[in-house]
Amino acid sequence: MTTASPTSVDSTPIPDGTDPGGGVLGARYRALTLGIVSVVLVIAFEATAVNTAMPTAARQLNGLGLYAFAFSGYFTTTLFALVVSGQWCDRRGPLRPLFTGIAVFGAGLVVAGTAPGMWVFVAGRAIQGLGGGLVIVALYVVVGRAYPERLRPSVFAAFSSAWVLPSIVGPLVSGAVTQHLGWRWVFLAVPVLILLPLAVMGPALARSEQEHPVLRGADFDRRRTLLAAMAAVGAGLLQYAGQRRDLVGLLPGIAGAALLVPAVLGLLPKRTLRAGRGLPTVILLRGVAAGAFFAAEAFIPLMMTTERDFSPTLAGLTLTSGGLSWALGSWLQGRPGAERYRGAMIRGGFVLTAVAIAGAALVLVPAVPSWTASVAWGVGGVGMGLTVASVSVLMMRLSAPEDAGANSAALQMSDALGNVLLTGLAGVLFAALGGGSLAAAHEGAGGGGSPAAFAVILLVMASVAVLGALLSGRVRARA
């Protein structure tokens, strides 16, 4: 989405000092806050559960070579859904895309949970991505329209806080279910949790729609929708070419790049890829942060099961500290007086993330205790909480009311694109360095395999986080 494209989101804030509802849990906003946080709660539980179950699922489906595809496939279809959701929100308001996205997300979980093979499993993850893309943009539009600017940092902090309980309970529950009932039940049980946000948020969002009606219905931009489809197909072709790594894969690789590059240039704000000062850099940094952190996180449970012979439960618990500390970092950025340090918090967050990813790689050294990975990921969570929430706040502040939907979609598209490209790159490195044979080594010898694949992936992602720290000084435009 481009900042130049008009949207119809009515995000006029309630003037500060005239809000009778108090904070985000005051009388005016309580029901809405609880409703949208419940959606984040379900998404968070699904993410922590999937991270725990994924190594077992990939091995039992004989698809460890497609391990990264199971993650990046989700974000590939998200690229398309983000643009559709942004335009849908602009035309009809966020209620319909939000509930449609929740339903599609649940359908993808069912497909993945019943998959007979790895490619069907990846297809289920892709369906989940469609639903997730619709949901996340709608949530951001709700925040931009329904909350005054002074409350938005607290709302984003509440989003992060919603990850705390799933981060604690998710790996334990998912690991126990995976070991005793099978990984499929991890995916098939999560759709039941969707009933909670449907019940809690429906009335609150309906009231919000009435209070903040769409003033004009914008037509769907066919050009932007086509660009979104090009981005998704192009990303998919690049991932396929990366998995093949032969002459046959060269043609789809070229075709993928030819589709992806012009699509990204047309969908993101101008000068985003050149780190233009202000909003373009803010949008870019979201993708850098998310891509580096989550590409590394996707491989940590697999690393712990193959290199340290962890059970699925223990491997998933390695990531728990990250979810808890992410909430802490997000809470810190929302404290009174923190606004003047917004740029410094983004830079510091990237530095902490880089240190965490590099620290997790130390587990590959046999003499280093296994708990080092959990400690490192706790540090990374603080960094991501500071960075992601601060970037979201800056995006809202730098967006005119009529551009809130477009820029929210652009922010999430940068997030998804960073995940697709960097997780895809991690998958290529993993396969090229012998990662596809780790499953056989683990099953046949009780653990172990070449640690080079994991070491390279983690060090590359740490370097990407360092790049984000270097670019963070450009989040503010010149006076």
Side-chain angles (χ1 to χ4, degrees), residues 1-2 63-84 118-123 125-127 129-130 133 221-276 280 283-284 286-288 290-292 294-295 298-299 409-410 412-436 453 456-457 460-461 463-464 467:
M1 310 290 280
T2 60
L64 199 66
L66 299 175
Y67 182 82
F69 240 144
F71 290 95
S72 59
Y74 177 100
F75 293 103
T76 299
T77 53
T78 297
L79 290 171
F80 176 73
L82 290 171
V83 176
V84 172
M118 193 62 179
W119 278 112
V120 177
F121 181 84
V122 170
R125 294 285 291 159
I127 295 172
L130 288 173
D221 188 330
R222 294 183 180 179
R223 175 180 174 274
R224 294 224 303 263
T225 304
L226 176 61
L227 288 174
M230 288 170 55
V233 173
L237 288 173
L238 280 176
Q239 292 172 76
Y240 174 75
Q243 290 291 325
R244 291 195 62 97
R245 306 185 319 281
D246 56 18
L247 292 178
V248 177
L250 186 61
L251 185 59
I254 295 174
L259 289 172
L260 183 63
V261 172
V264 170
L265 291 175
L267 290 168
L268 294 180
K270 294 180 179 179
R271 300 184 297 117
T272 295
L273 299 185
R274 290 185 291 159
I283 299 294
L284 176 64
R286 177 59 174 264
V288 173
F294 289 115
F299 283 86
Q412 298 304 324
M413 172 158 287
S414 177
D415 186 304
L417 189 62
N419 272 286
V420 168
L421 295 180
L422 292 180
T423 304
L425 173 62
V428 171
L429 295 173
F430 183 68
L433 295 171
V456 171
I457 288 170
V460 167
M461 298 310 151
S463 301
V464 173
L467 175 62

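Everything numeric here is computed off the predicted structure, so don't read it as measured data.
- Separating the CZ atom in R223 from the OG1 atom in T225 is a distance of 11.0 Å, to the nearest 0.5 Å.
- Residues forming a side chain to side chain contact (heavy atoms under 4.5 Å, CB included) with T77 (at least two apart in sequence, or on another chain): A126, L130.
- Note that OG1 of T76 is 9.5 Å distant from CG of N419, once rounded to the nearest 0.5 Å.
- The two residues M461 and G291 make their nearest non-hydrogen contact at SD-O, 4.4 Å.
- You'll find the side chain of L227 stays beyond 4.5 Å of the side chain of V83, heavy atoms only.
- Taking each heavy atom of G129 and A81 in turn, the nearest pair found is O-CB, 4.2 Å.
- Distance CZ/F80 to CE/M413: 10.0 Å, rounded to 0.5 Å.
- Residues F430 and V456 have side chains not in contact (no heavy-atom distance under 4.5 Å, counting atoms from C-beta outward).
- Taking CZ of R286 as the reference point, atom OG1 of T272 lies at 14.0 Å (rounded to 0.5 Å).
- Among residues two or more places apart in sequence or in another chain, the side chain to side chain contact (heavy atoms under 4.5 Å, CB included) test is passed with T78 by Y74, L82, A416.
- The minimum heavy-atom distance linking A235 with L79 is given by the pair CB-CD1, 4.1 Å.
- You'll find the side chain of P262 reaches within 4.5 Å of the side chain of M230, heavy atoms only.
- Shown here are the side chain to side chain contact (heavy atoms under 4.5 Å, CB included) partners of A275, two or more places apart in sequence or in another chain: T281, L284, L471, R474.
- Rounding to the nearest 0.5 Å gives a distance of 10.0 Å between CG of L260 and CG of L237.
- Listed for the R125 side chain is no donor-acceptor partner under 3.5 Å among the backbone atoms of G73.
- Going from atom CG of L259 over to atom CD1 of I254 covers 12.0 Å, rounded to the nearest 0.5 Å.
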